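If you're wondering where the values come from, they're calculated on a predicted model, not measured in any experiment. Read the numbers this way: they start at 1 and go in the same order the structure lists the ligands and their atoms.
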Amino acid sequence: METPPRAGEAPSALKRKVLVKSYGCQMNVYDATRMTDLLGREGYAETKSEEDADLVILNTCHIREKAADKIYSELGKLAIAKRALNAQGRDMKIVVAGCVAQAEGEEVLKRQRAVDLVVGPQSYHRLPELLRQARDGARLADTEFAVEDKFRTLPAPNRAQIRARGVSAFVTVQEGCDKFCSFCVVPYTRGAEASRPVAEIIAETMRLVDAGVREITLIGQNVNAYLGPDGDGGEASLAQLLDRLARIEGLARLRYTTSHPVDMAQELIDAHRAIPKLMPYVHLPVQSGSDRILKAMNRKHGADAYLSIVESLRKARSDIAMSSDFIVGFPGESDADFEATMALARTVGFASSFSFKYSPRPGTPAADRDDQIDETVKSERLAALQALLEEQRQAFNAATVGREFDVLFEKAGRHAGQIAGKSPYMQPVHVEGPMERVGREARVKIIAAGSNSLGGRLMSEEAKA
Ligand code: 5AD
Ligand code: SF4
């Protein structure tokens, strides 16, 4: 039943529904929840269906050409839906948020007439005001890098909202990037590196844990460059922040992503030894195994430096597994350069990875180079690399059979009597077990490995408990 409107509240406002569709990275997933929370206060209920929505927000990604193109084809479909609604006397406002909004600004309004608002990632707290203007018929683009602190002006979710989102949550600790890798748009779309104060992050984490969250992933475009005010006039590093968060009672697991090799301080590597709650799984993009290409990418390290970080991590915690990002077909990449990437992957042995064909992005230095690689060569290299990485992923999954580890249970399993959760390495794990286990960690012995999930058995004392 719907709550009747209170005096002074517009009845129509209570009935509005918003659909936020997120693309790309985890930062967008986090931002989407904050936008939903903010609009919740404005009377918008969350919906998963486009037909119901009075407001559709596309939270977009600009990292590769394909990602940006997808948005325009999505907008084309929304425009048709909007026209159909208009014909019935209803309206649907369309907002483009995220990195396409930031990168293209008013261009989006010109390219797709059905779009009402374009809002960059630094302006989400201004959404309510912008929507009011849109309802009066304005079409606006707001892509200012705000002086006010976006985080402080976005509301915190309430207990019910947190509960509905499950046992695992993201917390943004850092945003932006100062690295300027020559292929990447992020420094232009997300701006300069900025870190949130320690106290704010602790308060947000405690609120999440208090409502039942057991696993927190600290996110940032360059998360291990985190250097946040600690309240004593000093600054805390990511390792120090992790140490503070690990003391929160009830929090079982900590993760952080995404890191840059250059900022992989010894102190952070040591944190993997010192903090048991810090999961033994590190996502550390390498992009290429060739020193020449790494230099052209402006990554500021060579292949050996990457390998020695992996070695130090494994020394700090022997059960650490690695994941990575790769780009093939960067301008000027020779067969020998590509072979060096394959060799690096063979040396490390990744548990999981993401790999992409190089995609020239307007405004980035690498896009202007005249030694771009042929699409067919890119495709061949990507297929070869992905075959190797997939083989490594399967080998890693198979090697977990017989091991015991804690699984954080998230939901009912595929079959009756089963529950499902995640291993320390993010692998889905299914076991026979009671629903009371959901929301907590339990010790599991892995007994089978499929291609995308593992089967396990609750250790006897856990099954009884
Ligand atoms: N082309 C292809 N892949 C890219 N990435 C970033 N920019 C590009 C690009 N222009 C990849 C990198 C990065 C991941 C998030 O996306 O591997 O780590
Ligand atoms: Fe892009 Fe490089 Fe910054 Fe990562 S470190 S966001 S790849 S510029």
Side-chain angles (χ1 to χ4, degrees), residues 22-30 60-70 98-100 102-103 121 172-195 217 219-227 238 256-264 282-290 293-301 305-306 309 322-333 338 341 344-345 348 350 352-369 371-375 377-379 381-382 385-386 389:
S22 262
Y23 302 83
C25 68
Q26 290 147 334
M27 182 79 73
N28 269 5
V29 177
Y30 175 86
T60 62
C61 173
H62 201 245
I63 196 101
R64 283 168 293 275
E65 198 178 347
K66 254 197 196 147
D69 285 349
K70 194 149 85 191
C99 292
V100 172
Q102 190 62 44
T172 294
V173 301
Q174 179 275 344
E175 196 165 347
C177 180
D178 297 343
K179 294 284 185 298
F180 291 92
C181 296
S182 62
F183 52 82
C184 187
V185 287
V186 167
Y188 313 97
T189 55
R190 291 283 177 162
E193 282 175 12
S195 296
T217 303
I219 54 175
Q221 268 90 29
N222 229 313
V223 73
N224 58 342
Y226 175 86
L227 202 57
L238 184 66
Y256 59 92
T257 196
T258 292
S259 299
H260 191 293
V262 163
D263 293 314
M264 212 62 214
V282 178
H283 181 63
L284 192 62
V286 65
Q287 317 296 0
S288 168
S290 152
I293 295 297
L294 285 167
K295 192 164 190 331
M297 287 176 162
N298 194 30
R299 292 288 290 179
K300 302 187 178 83
H301 68 85
Y306 186 88
I309 294 167
M322 302 296 303
S323 76
S324 199
D325 292 346
F326 295 87
I327 296 176
V328 299
F330 183 84
E333 186 186 69
F338 175 65
T341 299
L344 180 137
V348 175
F350 290 96
S352 168
S353 282
F354 301 97
S355 43
F356 313 98
K357 284 194 251 184
Y358 168 71
S359 166
R361 306 308 290 128
T364 60
D368 295 333
R369 285 181 54 154
D371 49 358
Q372 302 291 329
I373 303 294
D374 232 47
E375 255 336 277
V377 175
K378 282 189 201 171
S379 300
R381 288 181 184 164
L382 187 66
L385 178 62
Q386 288 188 338
L389 294 170

Please work out which of Val328, Asp325, Thr364, Val185 has its closest non-hydrogen atom nearest to atom 15 (C) of ligand 1.
Asp325

Taking Asp263's backbone N and O only, do any of them form a donor-acceptor pair with Asn224's side chain (distance below 3.5 Å, no angle check)?
yes

Looking only at protein heavy atoms, what sits closest to atom 2 (Fe) of ligand 2 is Cys181 SG, 2.3 Å

Answer whether the closest heavy-atom distance between the side chains of Thr364 and Phe180 falls below 4.5 Å.
no

Closest to atom 12 (C) of ligand 1 (heavy atoms only, candidates Met297, Lys378, Gln287) is Gln287

Donor-acceptor pair, side chain of Gln174 and main chain of Asn222, under 3.5 angstrom:
yes

Proximity of Phe356 and Phe183 rings by center, below 6.0 Å:
no

Measuring from non-hydrogen atoms of Arg299 to any atom of ligand 2, is the shortest distance under 4.0 Å?
yes

Protein residue, atom and distance nearest to atom 11 (C) of ligand 1, heavy-atom basis
Arg64 NH1, 3.2 Å

For a distance under 2.8 Å, tell me if Cys177 has an N/O/S atom near atom 3 (Fe) of ligand 2.
yes

So, is Phe326 polar-close to ligand 1, with some N/O to N/O distance under 3.5 Å?
no

Looking only at protein heavy atoms, identify the closest one to atom 10 (N) of ligand 1 and say how far it is in Å.
Ser359 O, 2.8 Å

Test salt bridge (charged side-chain N to carboxylate O under 4.0 Å, His left out) on Glu333 and Lys378; report intermediate values, then the result.
CA-CA 10 Å; Glu333 186 186 69; Lys378 282 189 201 171; over 6 Å; no

Heavy atom under 4.0 Å from ligand 1: found in Phe356's side chain, backbone, both, or neither?
side chain

Considering Arg190, His260, Gln287 one by one, which has a heavy atom nearer to atom 5 (S) of ligand 2 than any of the others?
His260

Side chain, backbone, both or neither: the part of Val185 lying under 4.0 Å from ligand 2 by heavy atom
neither

Heavy atom of the protein closest to atom 6 (C) of ligand 1 (residue, atom name, distance)
Ile63 CG1, 3.4 Å

Which bit of Pro187 gets closer than 4.0 Å to ligand 2, counting heavy atoms only: side chain, backbone, both or neither?
side chain

Just to confirm my output: which protein heavy-atom neighbour is closest to atom 1 (Fe) of ligand 2, and how far is it?
Cys184 SG, 2.2 Å

Of all the atoms in ligand 2, which lie at a distance below 4.0 Å from a heavy atom belonging to Phe183?
7 (S)

